[in-house]
Q: 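Questions regarding the structure given below will be posed in turn.
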Amino acid sequence: MVDLSQLNPRQREAAKYIDGPLLVLAGAGSGKTSVITRKIAYLIGSCGIKAHHIAAVTFTNKAAREMKERVSSLVGKGGAKGLTVSTFHNLGLNIIRFENKTAGYKPGFSILDQDDCKGIIRDVMHREHGDDGDMIELVQNAISSLKNDLIEPHQAIEMATSPQEMMIAQTYEVYQRMLRAYNAVDFDDLIMVPTLLFMKHEEVLARWQKKIRYLLVDEYQDTNTSQYELVKLLVGHRTGLTVVGDDDQSIYAWRGAKPENLSLLKKDFPTLKLVKLEQNYRSTGLILNAANRVIDNNPHEFEKKLWSDKGYGDPIRILKCRNDEVESERIATEIVERRLRYGCGYKDFAVLYRGNHQSRVIEMKLQAYQVPYKLSGGQSFFGRNEIKDIMGYLRLLINPSDDAAFLRIINTPRREIGPTTIEKLSEYAAMRGISMMSATTEMGLEQMLMPKAVDRLRRFGHWLENITKNAYTDDPVAAIKEMIADIDYEGYLLQNSGTPNQAERRMKNVWFLIDSVNKMIEKADEVGEEVTIEDAVGKLILRDMMEQQEQEDETDQVQLMTLHASKGLEFPHVYIMGMEEELMPHRNSIEADTIEEERRLMYVGITRAKRTLALTYAGKRRQYGEAITTTHSRFLDELPPDDITWEGRDESSEEEKKQRGQETLSSLRNMLADF
DNA sequence: CCCGGAATTCTTTTT
DNA sequence: GAATTCCGGG
């Protein structure tokens, strides 16, 4: 029997209700993860549902991993065997992989990230419309929305009502054809393709419905139309559905999330039961109160009043600093000092910010004080050129049709194959209807290219063919290592990095990547699962499993991340920096009038804090290299004045003057450093 | 075709 | 200030 005694009555009700579709409205810190994990344990342990018939879907790999661990600790490793806990995208990947024939893809298909897709769209638009570059982003977003709404190219063309829409639809059509030709999918396809597959092929849907008998969805307010459709299809007319969400934490509308999916649920599942979790177990009273006050400024569909029986706790502090460097300096020194005062670890502190670029200054200061930190999220790892290069090689290894990967690496490192040669090769490949990779070894090339160029292409083609053969017949990791040695990537880095030191660090990233592939294959071997190199590369692009390693060497480090990335996490002590107009709320959001979503982001940030919360802003900030004067964020004015202490707000106040007098020396230094 | 320096653009947020 | 793109001379 599964122990549900640690849950409060509402939570227990949510965990035990399995007779129909259930919506759990779970406020921040109300223990929703406990409910989901215990419900899964309950389904397995008390309802006799086999783990492999249960699927739980979340939005981040981190959340998925944590959930799986917690379920395992409740029911034991054996009990959780076969349980699916994954992101929507990973579930979609598995479905496409399994059904690749029906879906029209070959086994080693690639997953393209935004950069790759953008490149393709740029090509298409250039070719079809002779367009210069500034519509690309718009078109890419438009195509993404179309896919999120499950609209296929031919429908988009029918629906187009303006020349611009027509242009987008046509670009979409060609783009999608190219993806097919490359044997590739983009992130949106990972959801759209399975959903359309389910709609068009009853037997496929039946197979997955048979497999997944109980579905749980976390962070439901973040689902987009296609994800919701996928959920509906999987559940069908059955009752095995629990979704958990909080409309106040909807912060992904910009990428197609439809928080109204929460209320749509009532329509689509008339027997839907609603359970609200309103007791917060995370934050002190003052923090929770502040969060409630901020979010009160937004309209609400679902009434919800979060309460806590924890004490009031420390007041929330707002710190004004002279400039962004002082701001970071302040946070860094406080962390050093408070760690000793509270006797807690570095890991108990989190510094949150609106945009990834803001991490630089705080990183510098933390380094100066030798404070260990962990920067999470950002494309820091996968955005790195060396990683994109090697991923390009890996992708080409498992999918020779992947022209996007081919283009990335054909002349990296330098093989003296320039734009002219590539242009001609591409022309030839298009003419013959084959991939660029297979075109390299064709005989017909002589007619179009200089013998020298043909020779270079051929050498490359045969070389990679050979490596590919080794990867499939021999030890794949050894083949990859051989490949990297062959191209002397290390030498290339040494040549092209600023300092040898930098080159070394980049090379370490590469080895880390290879090690990830290795670990994944080894790990699969242990469990007796068959994981191919295709799986490994696919998951890598979805950023799955990188974090697994990060987690292994989890140490005592200050957590640095964006507000978005902080959702779902909690920390004893939280700093939110850059609380300034145009930054938080972000300028684009002010212009686009999406302040409400920014406010929810603020709400998410505040509710991460368990014990103390400090909000900081800088009077002057460096932006694009020059100093600008800032105004403090409007959200600061929405906090309950009685519960907060301002520091350094009024330059001319008595206290400030006194302080200034006391720190002549340091202020002199600051003035010198003050731009 | 490559290299180096100059000019330019650029920053939301993520799977 | 950094990263990308542009441009002219080997």
Q: In terms of relative ring orientation, are A:W208 and A:F198 parallel, tilted or perpendicular, with 30° and 60° separating the classes?
A: tilted
Q: Please state whether the rings of A:F88 and A:F59 are parallel, tilted or perpendicular, taking 30° and 60° as the class boundaries.
A: tilted
Q: May I ask you to verify if any side-chain N or O of A:N356 is less than 4.0 angstrom from the OP1 or OP2 atom of B:dT13?
A: yes
Q: Under 4.0 Å between a side-chain N or O of A:N411 and OP1 or OP2 of B:dC2?
A: yes
Q: Kindly state whether the pair A:W254 / B:dT13 counts as stacked, where counting means centroids closer than 5.5 Å and planes tilted less than 30° apart.
A: yes
Q: According to a cutoff of under 5.5 Å between the ring centres and under 30° between the ring planes, does A:H586 stack with the base of B:dT12?
A: yes
Q: Using a cut-off of strictly less than 4.0 Å, decide whether A:T594 has a side-chain nitrogen or oxygen near OP1 or OP2 of B:dT13.
A: no
Q: Quote, to the nearest angstrom, the P distance that separates B:dT13 from C:dT4.
A: 15 Å
Q: I want to confirm an ordering. Mapping A:Q358 and A:R456 to their closest nucleotides on DNA chain B, which one lands closer to the 5' end?
A: A:R456
Q: Using the C1' atom as the reference point in each nucleotide, state the distance between C:dC6 and B:dT11 in Å, no decimals.
A: 22 Å
Q: Ignoring backbone atoms, test whether A:T562 places a side-chain nitrogen or oxygen under 4.0 Å from the OP1 or OP2 oxygen of B:dT14.
A: yes
Q: What pair of heavy atoms forms the shortest contact from A:Q176 to A:M192, and how long is it?
A: NE2-CE, 3.9 Å
Q: Should A:Y252 be counted as stacked on B:dT13, where stacking needs a ring-centre gap under 5.5 Å and an angle between planes under 30 degrees?
A: no
Q: What I want to check is whether the side chains of A:Q227 and A:D222 have a donor and an acceptor closer together than 3.5 Å.
A: no
Q: A:F88 near the nucleic acid: base, sugar-phosphate alone, or nothing, with a heavy-atom cut-off under 4.0 Å?
A: nothing
Q: Looking across every strand, which nucleic acid part, if any, lies under 4.0 Å from A:Q114 by heavy atom: base, sugar-phosphate, or nothing?
A: base
Q: Give the minimum heavy-atom separation between A:P413 and A:Y492, together with the two atoms involved.
A: CB-CD1, 3.6 Å
Q: Just to be sure I understand the rule, does A:R414 reach a base, reach only the sugar-phosphate, or reach nothing, if contact means heavy atoms closer than 4.0 Å?
A: sugar-phosphate
Q: Return the nearest nucleotide to the side chain of A:R360; candidates are C:dA2, B:dT15, B:dT12.
A: C:dA2
Q: Kindly say if A:R255 contacts the phosphate of B:dT12, meaning a side-chain N or O under 4.0 Å from OP1 or OP2.
A: no
